[in-house]
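Data block below; observations after.
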Amino acid sequence: MDSLALLGSSVWALLRNKLRSVLTVLGITIGIAAVICVVAIGKAGQARVEQQLNNLGDNFVWIEAGGRAVNGIRTGTHGTKSLTLADAIAIRTQIPLIKSVSPNVDGSVQVIYGNQNWYTHYRGVSPEFFDIKSWPVDSGAIFTNDDVESSANVCVIGQTVRTQLFGVRDPIGKVIRAGGLPCKVIATLEPKGISMEGRDQDDTILMPYTTVMKKIKGNNWLDDVLCSAVSQDVVKMAGQQAAALLRDRHHLRPEEPDDFNIRNPEDVIEAQIAASHTLALLLIAIASISLVVGGIGIMNVMLVSVTERTREIGVRVAVGATEEAIRFQFLGESVMLSFVGGAAGVLVGFVGSFFIGRALNWPMVMSFEAVVLAVFFSLAVGVFFGYYPARKASSLDPIEALRYE
Amino acid sequence: MTDSGPIVSVEEIHKYYDLGETRVHALRGVSLAVERGGFVAIMGSSGSGKSTLMNILGCLDKPTAGRYLLDGVDVAGLEKRQLAGIRNQKLGFVFQGFNLLPRTTALENTQLPTLYSRIDRHSRTQRARDALELVGLGERMDHFPSQLSGGQQQRVAIARALVNRPTLLLADEPTGNLDSHTSVEIMDVFQGLNERGLTIILVTHEHDIAQFAKRVVVFRDGRIRKDEQVANPLRASEVLKTLPTLED
């Protein structure tokens, strides 16, 4: 049997009833288009959450001073004084999984410039902080280790502080006062936006941690140690190793709780990714229902077609078509219907998701997998829903079929 | 696959259909042998079993009992797939209602059986052209059935039956839907093919048509009543000359 020629006659049969073929295909087209749109929207949403994850920092490991209990009275977090600069240095030197470390001492302060003032959040950090948080500089240059050594009166300001104090003027080189300490602005940072907890991350000023410890806060302990792990995969393990090291350094007995916390802000975001993933799956499942409906449409039309062409089937069997050949021909028709429907659906889906992307102002990413999946599914629908009509056609009694009016 | 033996040999064939309680006995012991190059007309009123025999001869149906040797092969023992192969390679069918595929050209209709055999595309078209030439339709290969007269459609059907070069041509009331003049034309085609060595078995209930065959077998109630050679078969080409030509 000549499969190609049989497929050719399938094409002819479909073209003979153009309107019917188009209407039949529509169900599959809508189903595939819906799936493609949903996948694209889901991906775009996921990309946004992943962007937040990257915003968090470069393989961010966050160690926070913990609470403690004195005579049964428990402080909250940041209630201990046991997290020190020596701990930060020990983490950097003794844990190979951690590539950079920045101490962090923070608080709130009134900042003043000229006739403007603003109550903001300050942080004392080391120059590594900007890499750890993946926070690019907008203008100027960040402070150096020399500035840290000399507890220099310099600061780097976020976009919100800049706007509040300077408006449109250039802040670089200006001296502001932070809680009474004169401080030269040496750099501004790129906007980072709202954090996961809803805090404005740009509402901050950053100084060398030595400056903060000696001249503003007067502490000799740290509030946090911010670290970067060597890769995303080892973030958890690096945190565990840091915890073990700190317990050792703080001489904690096994029964004593940690006097620090390893924070995992990534977990929150990952939970969000998982949630959006689940939602996308749900939507795909709903969209798939229209595929099933489209498949039933194909089955219906194929059954009608088999009945209409009973005589043709009889002739074909009489001239030597095997059951397989008849089945192949009709299966070919249904698969072609669903394949064309699927291809049209991919096209409509792309156009649709492009416009949805424009409307929501989300960057839409067309995924190759979605196309492959769509093609695969439309073929599968064609085979699944075409099999019964094709089998019906192939099992017709040729004598009856030839007599059929 | 002997060259000498009869092409068709049926022995004591019975066929009955069970319709619920009643049993319809369509063939009650039919034996028939057709020699190579034979031209047999099977006659009989409707219900006499002649169509049932044709279906069995055409490997579309199986006898309930009895033996059927086609070209030396016992057909009863074959599977469906092998029967399809026999229909494709050894048999040609011509039907009363032509049964051409609509909106498909004469050439494509003629090619239909070759789709189910192993013939390359080029020789397929060539064979179909040859077959159409043979039945006198060389000029109308690209016409659709709807553009052809009944006689022409039947010629396409004959060409389709010939395209795989069968050893046996089965025609079931091939002139049933045609006027008498066209019927004789079709019989002329059959006679021409028979002279080239093709064995033909034809079912008809018109006496005039049966007279063109070399042998007439009459059926009644599932049995052969009469089986005789035609002493002087009519020559269709001669008859055509005596008929008044019809306006086309």
Side-chain angles (χ1 to χ4, degrees), chain A residues 1-21 301-302 304-333 336 390-405, chain B residues 15 17 26 51-52 54-56 58-62 79-105 108-121 123-125 144-145 157 159-164 166 170 172-173:
Chain A
M1 106 187 173
D2 185 335
S3 316
L4 218 63
L6 285 180
L7 286 181
S9 48
S10 302
V11 173
W12 271 113
L14 295 177
L15 290 179
R16 230 178 277 157
N17 284 303
K18 282 194 198 69
L19 181 63
R20 183 162 85 180
S21 301
V301 164
M302 288 310 297
V304 170
S305 176
V306 168
T307 309
E308 273 179 358
R309 285 151 71 194
T310 301
R311 250 166 183 275
E312 174 190 328
I313 294 164
V315 173
R316 284 178 184 273
V317 172
V319 302
T322 55
E323 286 188 10
E324 292 83 44
I326 298 288
R327 214 178 303 150
F328 179 80
Q329 183 192 348
F330 280 88
L331 210 53
E333 275 179 40
M336 255 182 265
R391 211 192 56 144
K392 199 178 162 198
S394 70
S395 59
L396 281 178
D397 177 7
I399 299 166
E400 295 289 324
L402 283 168
R403 233 182 266 154
Y404 184 84
E405 291 296 332
Chain B
K15 177 74 186 179
Y17 302 100
S51 289
T52 305
M54 278 302 259
N55 289 334
I56 291 171
C59 298
L60 291 170
D61 206 350
K62 283 190 174 185
E79 290 170 22
K80 278 186 173 181
R81 172 191 278 276
Q82 292 167 308
L83 289 176
I86 284 188
R87 287 198 298 272
N88 187 239
Q89 294 296 321
K90 294 200 169 178
L91 299 174
F93 279 95
V94 178
F95 308 97
Q96 178 176 2
F98 321 140
N99 280 336
L100 299 179
L101 303 189
R103 280 176 270 190
T104 308
T105 63
E108 286 167 342
N109 260 301
T110 307
Q111 286 184 35
L112 188 66
T114 64
L115 299 189
Y116 302 105
S117 51
R118 275 172 215 173
I119 302 174
D120 68 78
R121 200 147 309 175
S123 46
R124 166 182 305 161
T125 318
F144 293 115
R160 179 177 66 190
L162 295 176
V163 75
N164 269 351
L170 296 169
D172 194 353
E173 307 256 12

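Below, each value reflects all heavy atoms present in this structure, side chains not excepted, and no hydrogens, waters or symmetry copies. A note on names: the letters A, B, ... follow the listed sequences, proteins ahead of strands, and every chain is numbered from 1.
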Any donor and acceptor pair, going by atom type alone, linking the side chain of B:Asn88 with main-chain N or O of A:Val319 inside 3.5 Å?
yes
Side chains of B:Phe93 and A:Leu402, heavy atoms from C-beta outward: is any pair under 4.5 Å?
no
What's the spacing between B:Lys80 NZ and A:Ser395 OG if we round to 0.5 Å?
8.0 Å
With a 4.0 Å cut-off, would you call B:Arg81 and A:Glu323 a salt bridge?
no
Evaluation steps, side-chain contact (heavy atoms from CB on, under 4.5 Å), between A:Glu312 and B:Leu100:
CA-CA 8 Å; A:Glu312 174 190 328; B:Leu100 299 179; over 6 Å; no
From A:Ile399 atom CD1 to B:Leu60 atom CG, the distance as rounded to the nearest 0.5 Å:
5.5 Å
With rounding to the nearest 0.5 angstrom, report the CD to CG distance, A:Gln329 to B:Leu115.
9.0 Å
I'd like to check B:Arg103 versus A:Trp12 (side-chain heavy atoms, cut-off strictly below 4.5 Å). Are they in contact?
no
Pick from A:Ala318, A:Ala5, A:Pro398: which one has the most heavy-atom pairs with chain B under 4.5 Å?
A:Ala318
Cut-off 4.5 Å, heavy atoms of chain A, and the answer for B:Ser51 is neither
Heavy-atom pair with the smallest gap, counting every atom of B:Ala84 and A:Ala321
CB-O, 3.9 Å
Under 4.5 Å to a heavy atom of chain B? For A:Arg311 that would be side chain
Side-chain donor/acceptor of B:Arg87 to backbone N/O of A:Val317, under 3.5 Å
yes
Any idea which heavy atoms bring A:Gly320 and B:Tyr116 closest together, and the distance?
O-CB, 3.7 Å
So for B:Leu101, is it side chain, backbone, both, or neither that comes closer than 4.5 Å to the heavy atoms of chain A?
side chain
Check step by step if side-chain contact (heavy atoms from CB on, under 4.5 Å) holds for A:Leu4 and B:Arg121.
CA-CA 10 Å; A:Leu4 218 63; B:Arg121 200 147 309 175; 4.0 Å; yes
